[in-house]
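First comes the structure, then the notes that go with it.
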Amino acid sequence: MQTTTLRRAAAALGLTAALAGLAVAPALAAEAPSYDFTDCPAIPSGVDATRWKCEVLTATGSLRLGSRDVPELAPMTITHAEGPLPDGTNGQVWGALRGGPTAVPGGLVGRIPLSLQPEYGGRSDFYSVGDSMGLFTLRYRAVSPLLPPGCVIGGDGAPIEIRLKRVGKSEWISKNPPVIKFAATDTAFTAPASTGCGPLTRLVNDRLGLPADTGNTIALSALYTFKTYDQLPPR
């Protein structure tokens with residue numbers, strides 16, 4: 001594939017629409033993971049299925065939330081769809097966020113464990129401008145034998161707003177299927193206090209150093225792929 005073709009392909013990708021300086025690597029089938037497109041959402045009626053893409057991003061990385069470092073996040077997968085609406089404007093439809101719990105070093109208290117489970121916060125905009133890769137919101141459910149199920153960080157309609165910026169060059173690791181590898185980070189988001197933790201709310205906040213307006217960081221290493229809706233099986 002010629003450089004100009006790759007640049008046009010990169011420009012067509014929604015989440016990584018502005019991957020400047022895209023580095024091209026040989027197609028390495030062994031490095032390209034198999035992706036699950038079952039979370040692809042239904043697209044609006046009347047749109048062109050050949051121009052709408054279901055985009056799947058899988059990421060691992062690290063997190064500093066308040067005063068607590070979580071060096072190895074469990075893998076997280078984000079699925080959404082985007083394409084032109086009948087009136088020519090851009091459209092997006094949320095799919096799903098899936099991610100396992102990650103143990104917080106040091107636990108909650110004594111030998112009682114504490115884990116953070118990511119969940120979708122209710123708002124996203126994945127269109128990129130330069131190295132800025134849009135917005136998505138999340139909350140972290142605090143999971144521990146001592147905590148009620150409703151204990152979350154970023155709840156009560158005030159989720160954590162993540163605005164990732166690409167770091168370094170992105171890399172095509174496969175052309176068929178299309179797979180792009182990139183790194184991104186956000187070091188400027190605000191981490192609110194936990195809510196819904198019952199009598200242990202103060203303990204959770206003290207343990208994690210919440211709320212924290214500064215010092216929070218998320219760093220991700222991600223793989224991204226897509227299929228147009230005419231390539232997906234009928235639903």
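In this text, all values refer to a predicted model and were calculated from it rather than measured experimentally.
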Check: In Å, rounded to the nearest 0.5 Å, how long is the span from CG of Leu146 to SG of Cys197?
Finding: 11.5 Å
Margin query: How close do Gly100 and Ala74 get, counting heavy atoms only, and between which atoms?
Written below: O-CB, 3.5 Å
Item checked: Sub-4.5 Å side-chain heavy-atom contact between Met76 and Leu97 -> yes
Item checked: Spacing of Glu72 atom CD and Ser62 atom OG [to the nearest 0.5 Å] -> 9.5 Å
Next item on the list: Can you tell me which residue pairs pass the side-chain hydrogen bond (donor to acceptor under 3.5 Å, both in side chains) test with a partner in residues 99-122, sequence neighbours excluded?
Entry: Glu119-Arg139, Glu119-Arg141, Tyr120-Ser124
Margin query: Quick check: do Leu232 and Trp52 have side-chain heavy atoms less than 4.5 Å from each other?
Written below: no
Notebook entry, point to check: CZ/Phe136 to NE2/His80 distance, rounded to the nearest 0.5 angstrom?
Noted result: 12.0 Å
Check: Are Val143 and Leu114 linked, directly or through other ILVMFWY residues, by side chains that come within less than 4.5 angstrom of each other?
Finding: no
Next item on the list: Check whether any side-chain heavy atom of Pro178 sits under 4.5 Å from a side-chain heavy atom of Phe226, and report yes or no.
Entry: yes
Check: Where do Tyr127 and Gly83 come nearest, in terms of heavy atoms and distance?
Finding: OH-N, 4.0 Å
Margin query: Is it the case that over 12 heavy atoms from other parts of the model lie below 6.0 angstrom from the CD atom of Gln231?
Written below: yes
Next item on the list: Kindly indicate whether the side chain of Tyr140, heavy atoms from C-beta on, has any atom under 4.5 Å from the side chain of Leu63.
Entry: yes
Margin query: Within this structure, what is the CG-OG1 distance for the pair Leu220 and Thr185, rounded to the nearest 0.5 Å?
Written below: 7.5 Å
Note to self: Do Val104 and Leu208 have side chains that approach each other closer than 4.5 Å (heavy atoms only, starting at C-beta)?
What the structure shows: yes
Item checked: Leu164 CG to Thr187 OG1 distance, which is reported to the nearest 0.5 Å -> 10.5 Å
Notebook entry, point to check: Do the side chains of Arg163 and Phe189 get nearer than 4.5 Å, heavy atoms only?
Noted result: no
Margin query: Between Trp94 and Asp39, does the side-chain contact (heavy atoms from CB on, under 4.5 Å) criterion hold? Intermediate values first, please.
Written below: CA-CA 9 Å; Trp94 174 254; Asp39 282 333; over 6 Å; no
Notebook entry, point to check: Under 3.5 Å, side chain of Asp87 to main-chain N/O of Thr89, donor-acceptor pair present?
Noted result: yes
Next item on the list: May I ask you to check whether Gln92 and Asp125 show a side-chain donor-acceptor distance below 3.5 Å?
Entry: yes
Checklist line | For the student: nearest non-hydrogen atoms of Thr228 and Thr50, plus distance | finding: CG2-O, 3.5 Å
Next item on the list: Measure across Cys54 and Thr79 and return the closest heavy-atom pair with its distance rounded to 0.1 Å.
Entry: SG-CG2, 3.6 Å
Next item on the list: May I ask whether Leu200 and Val152 are part of the same hydrophobic cluster, defined by side-chain heavy atoms of I, L, V, M, F, W, Y residues being less than 4.5 angstrom apart, directly or through others?
Entry: no
Next item on the list: Please answer whether the main-chain N or O of Pro113 pairs with a side-chain N or O of Ser144 as donor and acceptor at a distance below 3.5 Å.
Entry: yes
Checklist line | Pro177 backbone acceptor or donor facing Ser174 side chain under 3.5 Å | finding: yes
Check: Heavy-atom distance under 4.5 Å between the side chains of Phe37 and Lys227, does that happen here?
Finding: yes
Note to self: Exactly one of Leu57, Asp36, Val56 should register a side-chain contact (heavy atoms from CB on, under 4.5 Å) with Thr77. Which one does?
What the structure shows: Val56
Next item on the list: Nearest 0.5 Å please: distance from the CD1 atom of Ile218 over to the CZ atom of Arg64.
Entry: 14.0 Å
Check: Going hydrophobic residue to hydrophobic residue with side-chain gaps under 4.5 angstrom, can you get from Val109 over to Val70?
Finding: yes
Next item on the list: Would you indicate whether the side-chain heavy atoms of Pro44 and Pro86 approach each other to under 4.5 Å?
Entry: no
Item checked: Residues, nucleotides or ligands: over 12 heavy atoms within 6.0 Å of Arg98 CZ -> no
Checklist line | Path from Leu138 to Leu135 over hydrophobic side-chain contacts below 4.5 Å | finding: no
Check: Of all heavy-atom pairs between Ser170 and Phe182, which one has the smallest distance, and what is that distance?
Finding: OG-CB, 3.2 Å
Notebook entry, point to check: Hey, quick one: are Val204 and Ile112 part of the same hydrophobic cluster, counting side-chain heavy atoms closer than 4.5 Å, chains of contacts allowed?
Noted result: yes
Note to self: Between Thr60 and Ser221, is the side-chain hydrogen bond (donor to acceptor under 3.5 Å, both in side chains) condition met? List the steps.
What the structure shows: CA-CA 6 Å; Thr60 57; Ser221 176; 5.1 Å; no
Item checked: side-chain hydrogen bond (donor to acceptor under 3.5 Å, both in side chains) pairs, two or more places apart, involving residues 194-219 -> Ser194-Asn205
Next item on the list: Locate the shortest heavy-atom distance separating Gly198 from Pro148; write the atom from each residue and the value.
Entry: N-CG, 4.1 Å
